[in-house]
Trainee: 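Quick one: structure below, then a few questions.
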Amino acid sequence: MGFSTDAVHAGQIPDAVTGAVITPIYQTSTYAQEELGKHKGYEYGRTHNLTRQALEKNIAVLEKGKYGIAFASGLAATQALLSLVKAGDHIIASNNVYGGTYRLFELIMKDYGLDFSWVDTSDLSNIEKAIRENTKLVFLETPTNPMLNLTNLKGAAEICKKNNLNSIVDNTFMSPYFQNPLTLGCDIVLHSTTKYINGHSDVIGGIVVTNDEKIHERIRYIQNAIGAVPSPFDCWLVLRSTKTLAVRMEKHNQNATELARFLSESGLAEKVYYPGLKSHPHHELAKKQMRGFGGMISADFGSVEKAKKLLKNVKVFTLAESLGGVESLISHPASMTHASVPKEDREKMGLTDSLIRFSVGIEDVEDLIADIENALG
Ligand code: P1T
(Lines give C-alpha, C1' and ligand atoms only; values in the text may rest on other atoms or scores of the structure.)
Protein backbone atom coordinates (compact mmCIF):
# COMPACT_ATOMS: atom_id res chain seq x y z
CA MET A 1 0.00 0.00 0.00
CA GLY A 2 1.00 3.61 -0.45
CA PHE A 3 2.01 5.80 2.49
CA SER A 4 -1.30 7.66 2.78
CA THR A 5 -3.37 4.46 2.63
CA ASP A 6 -1.22 2.91 5.34
CA ALA A 7 -1.41 6.11 7.40
CA VAL A 8 -5.21 5.93 7.42
CA HIS A 9 -5.62 2.16 7.79
CA ALA A 10 -2.57 0.35 9.21
CA GLY A 11 -3.19 -1.07 12.67
CA GLN A 12 -6.78 0.18 12.67
CA ILE A 13 -9.23 -2.60 13.34
CA PRO A 14 -12.89 -1.62 13.79
CA ASP A 15 -13.94 -2.16 17.40
CA ALA A 16 -15.03 -5.78 17.98
CA VAL A 17 -18.07 -4.87 20.11
CA THR A 18 -19.61 -1.90 18.26
CA GLY A 19 -17.82 -1.74 14.92
CA ALA A 20 -16.60 1.79 15.75
CA VAL A 21 -14.42 2.79 12.80
CA ILE A 22 -12.04 4.80 14.97
CA THR A 23 -9.97 2.79 17.46
CA PRO A 24 -11.48 3.49 20.90
CA ILE A 25 -9.56 4.97 23.83
CA TYR A 26 -9.14 1.99 26.15
CA GLN A 27 -8.95 4.14 29.26
CA THR A 28 -8.40 1.39 31.79
CA SER A 29 -5.59 0.51 34.18
CA THR A 30 -6.48 -3.19 34.42
CA TYR A 31 -8.53 -6.03 32.87
CA ALA A 32 -10.94 -8.59 34.37
CA GLN A 33 -9.59 -12.15 34.38
CA GLU A 34 -12.04 -15.07 34.08
CA GLU A 35 -10.13 -17.32 36.45
CA LEU A 36 -6.57 -17.65 37.67
CA GLY A 37 -4.30 -17.58 34.62
CA LYS A 38 -7.17 -17.18 32.13
CA HIS A 39 -7.55 -13.80 30.41
CA LYS A 40 -7.87 -12.19 26.97
CA GLY A 41 -4.16 -11.38 26.65
CA TYR A 42 -4.59 -8.09 28.51
CA GLU A 43 -3.47 -8.04 32.14
CA TYR A 44 -2.39 -4.57 33.19
CA GLY A 45 -2.47 -1.13 31.54
CA ARG A 46 1.28 -0.48 31.65
CA THR A 47 1.92 -3.79 29.90
CA HIS A 48 -0.99 -3.95 27.44
CA ASN A 49 -3.24 -1.32 25.93
CA LEU A 50 -5.11 -1.72 22.69
CA THR A 51 -5.08 1.99 21.74
CA ARG A 52 -1.31 1.97 22.20
CA GLN A 53 -0.94 -1.25 20.21
CA ALA A 54 -2.90 0.27 17.31
CA LEU A 55 -0.59 3.31 17.34
CA GLU A 56 2.55 1.16 17.51
CA LYS A 57 1.41 -0.93 14.55
CA ASN A 58 0.44 2.14 12.54
CA ILE A 59 3.79 3.94 12.95
CA ALA A 60 5.80 0.72 12.49
CA VAL A 61 4.16 0.25 9.08
CA LEU A 62 4.83 3.90 8.12
CA GLU A 63 8.52 3.44 9.06
CA LYS A 64 8.71 0.16 7.07
CA GLY A 65 9.41 -1.72 10.30
CA LYS A 66 7.94 -4.77 12.00
CA TYR A 67 7.80 -3.48 15.55
CA GLY A 68 6.85 -0.18 17.17
CA ILE A 69 7.29 0.48 20.90
CA ALA A 70 5.67 3.70 22.16
CA PHE A 71 6.90 5.87 25.03
CA ALA A 72 5.72 8.84 27.07
CA SER A 73 8.17 11.20 25.33
CA GLY A 74 10.91 11.25 22.73
CA LEU A 75 13.47 11.37 25.51
CA ALA A 76 11.88 8.39 27.28
CA ALA A 77 12.28 6.47 24.01
CA THR A 78 15.93 7.59 23.75
CA GLN A 79 16.58 6.58 27.36
CA ALA A 80 15.02 3.15 26.72
CA LEU A 81 17.44 2.63 23.82
CA LEU A 82 20.38 3.09 26.16
CA SER A 83 19.29 -0.16 27.82
CA LEU A 84 20.87 -1.89 24.81
CA VAL A 85 24.25 -1.12 26.39
CA LYS A 86 25.77 -1.41 29.86
CA ALA A 87 28.35 0.35 32.03
CA GLY A 88 31.74 0.34 30.31
CA ASP A 89 30.28 0.55 26.79
CA HIS A 90 30.99 3.34 24.33
CA ILE A 91 28.55 5.19 22.06
CA ILE A 92 29.32 7.36 19.05
CA ALA A 93 26.83 10.20 18.55
CA SER A 94 26.29 13.03 16.04
CA ASN A 95 27.86 16.13 17.56
CA ASN A 96 24.78 18.25 16.86
CA VAL A 97 21.70 16.55 18.30
CA TYR A 98 18.67 17.93 20.15
CA GLY A 99 20.01 19.62 23.32
CA GLY A 100 17.93 17.34 25.55
CA THR A 101 19.51 14.26 23.99
CA TYR A 102 22.95 15.75 24.67
CA ARG A 103 21.92 16.49 28.26
CA LEU A 104 20.62 12.93 28.80
CA PHE A 105 23.79 11.33 27.42
CA GLU A 106 26.49 13.67 28.63
CA LEU A 107 25.10 15.04 31.92
CA ILE A 108 23.16 12.00 33.18
CA MET A 109 24.07 8.66 31.58
CA LYS A 110 27.81 9.32 31.68
CA ASP A 111 27.53 9.01 35.47
CA TYR A 112 26.24 5.45 34.96
CA GLY A 113 29.44 4.35 33.24
CA LEU A 114 28.57 5.01 29.59
CA ASP A 115 31.11 6.79 27.44
CA PHE A 116 30.18 9.05 24.52
CA SER A 117 32.16 10.38 21.55
CA TRP A 118 30.57 13.37 19.82
CA VAL A 119 31.64 13.49 16.19
CA ASP A 120 30.57 15.22 12.99
CA THR A 121 28.84 12.21 11.41
CA SER A 122 28.24 14.08 8.14
CA ASP A 123 31.80 12.91 7.41
CA LEU A 124 31.57 9.11 7.67
CA SER A 125 35.31 8.73 8.27
CA ASN A 126 34.77 10.41 11.65
CA ILE A 127 32.55 7.48 12.69
CA GLU A 128 35.19 4.96 11.65
CA LYS A 129 37.92 6.86 13.45
CA ALA A 130 35.89 6.98 16.69
CA ILE A 131 35.24 3.22 16.89
CA ARG A 132 36.86 1.51 19.89
CA GLU A 133 36.93 -2.04 21.27
CA ASN A 134 33.97 -1.25 23.53
CA THR A 135 31.83 0.70 21.01
CA LYS A 136 28.30 -0.70 20.82
CA LEU A 137 25.99 1.98 19.39
CA VAL A 138 26.05 4.75 16.81
CA PHE A 139 23.40 7.40 17.49
CA LEU A 140 22.60 9.57 14.47
CA GLU A 141 20.31 12.54 14.07
CA THR A 142 19.70 13.60 10.45
CA PRO A 143 18.93 16.32 9.61
CA THR A 144 20.29 17.64 12.89
CA ASN A 145 18.55 19.99 15.29
CA PRO A 146 19.06 22.90 14.66
CA MET A 147 21.93 23.04 12.12
CA LEU A 148 20.20 20.71 9.62
CA ASN A 149 23.34 18.74 8.80
CA LEU A 150 22.84 15.39 7.11
CA THR A 151 24.51 12.02 7.63
CA ASN A 152 24.68 9.49 4.80
CA LEU A 153 22.56 6.74 6.37
CA LYS A 154 23.40 4.01 3.88
CA GLY A 155 27.11 4.59 4.39
CA ALA A 156 26.77 4.83 8.17
CA ALA A 157 24.72 1.60 8.27
CA GLU A 158 27.44 -0.23 6.30
CA ILE A 159 30.12 0.91 8.74
CA CYS A 160 27.95 -0.24 11.65
CA LYS A 161 27.29 -3.66 10.09
CA LYS A 162 30.97 -4.19 9.34
CA ASN A 163 31.88 -3.37 12.96
CA ASN A 164 28.98 -5.15 14.65
CA LEU A 165 27.41 -1.94 16.01
CA ASN A 166 23.74 -1.05 16.26
CA SER A 167 22.73 2.11 14.41
CA ILE A 168 20.00 4.36 15.81
CA VAL A 169 18.51 7.22 13.79
CA ASP A 170 16.49 10.04 15.32
CA ASN A 171 14.15 10.66 12.37
CA THR A 172 12.02 13.30 14.12
CA PHE A 173 12.78 16.14 11.69
CA MET A 174 11.79 14.21 8.56
CA SER A 175 8.95 12.03 9.91
CA PRO A 176 8.41 8.66 8.21
CA TYR A 177 6.84 10.52 5.27
CA PHE A 178 10.16 11.93 4.02
CA GLN A 179 12.76 9.44 5.27
CA ASN A 180 12.85 5.76 6.25
CA PRO A 181 16.23 4.86 7.82
CA LEU A 182 15.38 1.14 8.14
CA THR A 183 15.18 0.86 4.33
CA LEU A 184 18.70 2.33 4.17
CA GLY A 185 20.08 -0.44 6.40
CA CYS A 186 19.86 1.21 9.84
CA ASP A 187 18.73 -0.92 12.79
CA ILE A 188 16.53 1.38 14.85
CA VAL A 189 14.43 4.49 14.21
CA LEU A 190 13.48 6.88 16.95
CA HIS A 191 10.86 9.65 16.89
CA SER A 192 9.67 12.31 19.20
CA THR A 193 6.00 11.89 18.20
CA THR A 194 5.48 15.25 19.93
CA LYS A 195 6.61 16.82 16.63
CA TYR A 196 5.44 16.11 13.07
CA ILE A 197 3.84 12.71 13.75
CA ASN A 198 1.32 14.24 16.16
CA GLY A 199 1.61 17.63 14.51
CA HIS A 200 -0.92 19.57 16.61
CA SER A 201 1.25 20.60 19.60
CA ASP A 202 -1.04 18.88 22.09
CA VAL A 203 0.85 15.66 23.00
CA ILE A 204 4.28 14.66 24.32
CA GLY A 205 5.28 11.22 23.04
CA GLY A 206 7.98 9.03 21.52
CA ILE A 207 8.39 5.78 19.61
CA VAL A 208 11.07 3.27 18.65
CA VAL A 209 10.72 1.21 15.45
CA THR A 210 12.85 -1.77 14.41
CA ASN A 211 12.85 -4.93 12.30
CA ASP A 212 15.18 -6.73 14.69
CA GLU A 213 13.37 -9.22 16.90
CA LYS A 214 16.02 -9.21 19.65
CA ILE A 215 16.07 -5.41 19.87
CA HIS A 216 12.27 -5.41 19.92
CA GLU A 217 12.17 -7.95 22.76
CA ARG A 218 14.62 -5.94 24.85
CA ILE A 219 12.92 -2.56 24.30
CA ARG A 220 9.46 -4.07 24.84
CA TYR A 221 10.72 -5.48 28.15
CA ILE A 222 12.11 -2.07 29.11
CA GLN A 223 8.86 -0.33 28.13
CA ASN A 224 7.05 -2.40 30.75
CA ALA A 225 9.82 -2.62 33.32
CA ILE A 226 10.60 1.11 33.42
CA GLY A 227 7.03 2.12 32.66
CA ALA A 228 7.42 5.36 30.70
CA VAL A 229 4.31 4.57 28.64
CA PRO A 230 2.04 7.09 26.89
CA SER A 231 -1.55 7.45 28.10
CA PRO A 232 -4.36 5.84 26.05
CA PHE A 233 -5.72 9.32 25.23
CA ASP A 234 -2.34 10.52 23.98
CA CYS A 235 -2.00 7.38 21.83
CA TRP A 236 -5.45 8.09 20.40
CA LEU A 237 -4.54 11.70 19.61
CA VAL A 238 -1.35 10.63 17.81
CA LEU A 239 -3.27 7.94 15.92
CA ARG A 240 -5.76 10.59 14.85
CA SER A 241 -2.85 12.68 13.59
CA THR A 242 -0.90 10.12 11.55
CA LYS A 243 -3.88 9.97 9.18
CA THR A 244 -3.05 13.47 7.93
CA LEU A 245 0.74 13.20 8.14
CA ALA A 246 1.23 13.07 4.37
CA VAL A 247 -0.84 16.17 3.61
CA ARG A 248 0.68 18.11 6.48
CA MET A 249 4.26 17.22 5.51
CA GLU A 250 3.66 18.29 1.89
CA LYS A 251 2.49 21.70 3.10
CA HIS A 252 5.32 22.08 5.67
CA ASN A 253 7.79 21.26 2.90
CA GLN A 254 6.21 23.65 0.39
CA ASN A 255 6.05 26.55 2.86
CA ALA A 256 9.58 25.99 4.17
CA THR A 257 10.99 25.81 0.65
CA GLU A 258 9.45 29.21 -0.15
CA LEU A 259 10.43 30.77 3.14
CA ALA A 260 14.04 29.52 2.89
CA ARG A 261 14.27 30.97 -0.61
CA PHE A 262 12.88 34.28 0.63
CA LEU A 263 15.29 34.43 3.58
CA SER A 264 18.34 33.76 1.43
CA GLU A 265 17.33 35.98 -1.53
CA SER A 266 16.09 38.95 0.51
CA GLY A 267 19.42 39.29 2.28
CA LEU A 268 17.58 39.60 5.62
CA ALA A 269 19.62 36.70 7.03
CA GLU A 270 23.37 36.27 6.71
CA LYS A 271 23.25 32.48 6.45
CA VAL A 272 20.28 30.20 5.78
CA TYR A 273 20.37 26.50 6.65
CA TYR A 274 17.77 24.39 4.77
CA PRO A 275 18.55 21.09 3.02
CA GLY A 276 16.34 22.09 0.08
CA LEU A 277 18.56 25.03 -0.87
CA LYS A 278 21.20 24.34 -3.53
CA SER A 279 23.67 26.20 -1.30
CA HIS A 280 23.23 23.63 1.51
CA PRO A 281 26.42 21.52 1.77
CA HIS A 282 24.41 18.27 1.86
CA HIS A 283 21.76 19.18 -0.74
CA GLU A 284 22.71 16.33 -3.11
CA LEU A 285 22.56 13.76 -0.31
CA ALA A 286 19.22 15.24 0.81
CA LYS A 287 17.78 14.65 -2.67
CA LYS A 288 18.98 11.03 -2.54
CA GLN A 289 18.03 9.83 0.92
CA MET A 290 14.96 11.98 1.64
CA ARG A 291 11.75 12.46 -0.35
CA GLY A 292 11.38 16.10 0.73
CA PHE A 293 13.31 18.65 2.73
CA GLY A 294 10.95 19.15 5.67
CA GLY A 295 9.65 22.18 7.51
CA MET A 296 12.65 23.26 9.60
CA ILE A 297 14.88 26.21 8.72
CA SER A 298 17.66 27.84 10.72
CA ALA A 299 19.11 31.23 9.85
CA ASP A 300 21.89 33.35 11.25
CA PHE A 301 20.89 37.01 11.41
CA GLY A 302 24.43 38.23 12.10
CA SER A 303 23.77 40.04 15.36
CA VAL A 304 22.03 39.19 18.62
CA GLU A 305 20.13 42.53 18.45
CA LYS A 306 18.60 41.65 15.08
CA ALA A 307 17.74 38.14 16.26
CA LYS A 308 16.06 39.54 19.39
CA LYS A 309 14.12 42.09 17.35
CA LEU A 310 12.74 39.33 15.15
CA LEU A 311 11.81 37.11 18.10
CA LYS A 312 10.06 40.00 19.84
CA ASN A 313 8.11 41.41 16.91
CA VAL A 314 6.72 38.40 15.05
CA LYS A 315 2.94 38.03 15.26
CA VAL A 316 2.06 34.94 13.22
CA PHE A 317 5.10 32.94 14.40
CA THR A 318 4.97 32.09 18.11
CA LEU A 319 8.14 32.25 20.21
CA ALA A 320 8.22 28.76 21.75
CA GLU A 321 10.20 25.53 22.11
CA SER A 322 9.17 22.49 20.06
CA LEU A 323 8.47 22.06 16.36
CA GLY A 324 6.47 20.12 13.83
CA GLY A 325 3.02 21.48 14.66
CA VAL A 326 0.56 23.03 12.21
CA GLU A 327 1.34 26.47 13.64
CA SER A 328 4.65 28.21 12.91
CA LEU A 329 7.07 28.53 15.81
CA ILE A 330 10.26 30.53 16.16
CA SER A 331 13.02 29.87 18.69
CA HIS A 332 16.49 30.80 19.85
CA PRO A 333 18.43 27.48 20.11
CA ALA A 334 21.43 28.90 22.02
CA SER A 335 19.30 29.94 25.02
CA MET A 336 16.38 27.53 24.63
CA THR A 337 16.70 23.99 23.17
CA HIS A 338 20.51 23.82 23.21
CA ALA A 339 21.33 25.73 26.40
CA SER A 340 22.89 22.54 27.90
CA VAL A 341 25.53 22.41 25.16
CA PRO A 342 28.71 24.35 26.14
CA LYS A 343 28.94 27.67 24.26
CA GLU A 344 32.30 26.73 22.76
CA ASP A 345 30.88 23.51 21.26
CA ARG A 346 27.78 25.37 20.02
CA GLU A 347 29.80 28.01 18.23
CA LYS A 348 32.06 25.41 16.58
CA MET A 349 29.05 23.99 14.75
CA GLY A 350 27.60 27.38 13.79
CA LEU A 351 25.02 27.46 16.58
CA THR A 352 25.68 31.10 17.40
CA ASP A 353 23.74 33.50 19.61
CA SER A 354 22.33 35.13 16.47
CA LEU A 355 20.92 31.85 15.10
CA ILE A 356 17.13 31.60 14.86
CA ARG A 357 15.21 28.38 14.23
CA PHE A 358 11.91 28.36 12.32
CA SER A 359 9.40 25.53 12.51
CA VAL A 360 7.37 26.41 9.46
CA GLY A 361 3.68 25.58 9.88
CA ILE A 362 0.91 25.07 7.37
CA GLU A 363 -0.44 28.65 7.33
CA ASP A 364 -0.46 30.76 4.13
CA VAL A 365 3.20 31.30 3.32
CA GLU A 366 2.58 34.94 2.24
CA ASP A 367 1.56 35.67 5.84
CA LEU A 368 4.70 34.01 7.20
CA ILE A 369 6.96 35.99 4.88
CA ALA A 370 5.15 39.27 5.67
CA ASP A 371 5.44 38.50 9.38
CA ILE A 372 9.24 38.29 9.18
CA GLU A 373 9.49 41.37 6.95
CA ASN A 374 7.31 43.41 9.31
CA ALA A 375 9.12 42.20 12.41
CA LEU A 376 12.47 43.33 11.03
CA GLY A 377 11.06 46.38 9.26
O1 P1T B 1 10.35 16.44 23.76
P2 P1T B 1 10.42 14.96 23.55
O3 P1T B 1 9.16 14.36 23.00
O4 P1T B 1 10.95 14.22 24.73
O5 P1T B 1 11.47 14.71 22.35
C6 P1T B 1 12.83 14.96 22.46
C7 P1T B 1 13.42 15.21 21.10
C8 P1T B 1 14.08 14.16 20.46
N9 P1T B 1 14.62 14.32 19.24
C10 P1T B 1 14.54 15.49 18.58
C11 P1T B 1 15.18 15.63 17.23
C12 P1T B 1 13.88 16.58 19.16
O13 P1T B 1 13.82 17.73 18.47
C14 P1T B 1 13.31 16.44 20.46
C15 P1T B 1 12.63 17.56 21.15
N16 P1T B 1 12.90 18.82 20.61
C17 P1T B 1 12.42 20.02 21.06
C18 P1T B 1 11.62 20.14 22.11
C19 P1T B 1 12.87 21.20 20.30
O20 P1T B 1 12.29 22.31 20.45
O21 P1T B 1 13.81 21.06 19.53
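We count ligands from 1, going down the list as the structure has it; atoms in each ligand are counted the same way. Residues: numbered from 1 along the sequence shown.
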Trainee: Can you tell me if CG on N164 sees more than 12 non-hydrogen neighbours from other groups inside 6.0 Å?
Mentor: no
Trainee: Starting from atom 2 (P) of ligand 1, locate the nearest protein heavy atom and write down its residue, its atom name and how far away it is, to 0.1 Å.
Mentor: G74 N, 3.4 Å
Trainee: Among V85, L84, T78, find the residue that satisfies the side chain to side chain contact (heavy atoms under 4.5 Å, CB included) test when tested with L81.
Mentor: L84
Trainee: Among all protein heavy atoms, pick the one closest to atom 11 (C) of ligand 1 and tell me residue, atom and distance.
Mentor: D170 OD2, 3.4 Å
Trainee: Would you confirm whether the ring centroid of F105 sits within less than 6.0 angstrom of the ring centroid of F139?
Mentor: yes
Trainee: Above 12 or not: heavy atoms from other molecules or residues under 6.0 Å from NZ of K288?
Mentor: no
Trainee: With heavy atoms under 4.0 Å as the rule, classify the contact between L75 and ligand 1 as side chain, backbone, both or neither.
Mentor: both
Trainee: Measuring from atom 3 (O) of ligand 1, which candidate in L190, L323, T194 has the nearest non-hydrogen atom?
Mentor: T194
Trainee: Taking atom NZ of K271 as the centre, report whether more than 12 heavy atoms of other residues, nucleotides or ligands fall under 6.0 Å from it.
Mentor: no
Trainee: Which of the atoms of ligand 1 are close to R357, meaning less than 4.0 Å from one of its heavy atoms?
Mentor: 19 (C), 20 (O), 21 (O)
Trainee: Would you say S322 touches ligand 1, if touching means a heavy atom closer than 4.0 Å?
Mentor: yes
Trainee: Would you say K154 has more than 12 foreign heavy atoms packed within less than 6.0 Å of its NZ?
Mentor: no
Trainee: Considering only the protein, which heavy-atom contact is closest to atom 19 (C) of ligand 1, and what is its distance?
Mentor: T337 CG2, 3.4 Å
Trainee: Could I get the full list of salt bridge (charged side-chain N to carboxylate O under 4.0 Å, His left out) partners for D89, not counting sequence neighbours?
Mentor: K136
Trainee: Establish, yes or no, whether a centroid distance under 6.0 Å links the rings of Y31 and H39.
Mentor: no
Trainee: Please report which non-hydrogen protein atom sits nearest to atom 13 (O) of ligand 1, along with the residue it belongs to and the distance in Å to one decimal place.
Mentor: N145 ND2, 3.0 Å
Trainee: Return the residue, atom name and 0.1 Å-rounded distance of the protein heavy atom closest to atom 14 (C) of ligand 1.
Mentor: Y98 CD2, 3.4 Å
Trainee: Under the side chain to side chain contact (heavy atoms under 4.5 Å, CB included) criterion, do E363 and S328 qualify, and how do the steps go?
Mentor: CA-CA 8 Å; E363 301 96 333; S328 291; 2.8 Å; yes
Trainee: Tell me, please: is G205 in heavy-atom contact with ligand 1, that is, under 4.0 Å?
Mentor: yes
Trainee: Report the member of M296, K195, M336 with the shortest heavy-atom distance to atom 1 (O) of ligand 1.
Mentor: K195
Trainee: May I ask you to check if ligand 1 and S192 share an N or O to N or O distance below 3.5 Å?
Mentor: yes
Trainee: Are H191 and ligand 1 in contact, using a heavy-atom cut-off of under 4.0 Å?
Mentor: no
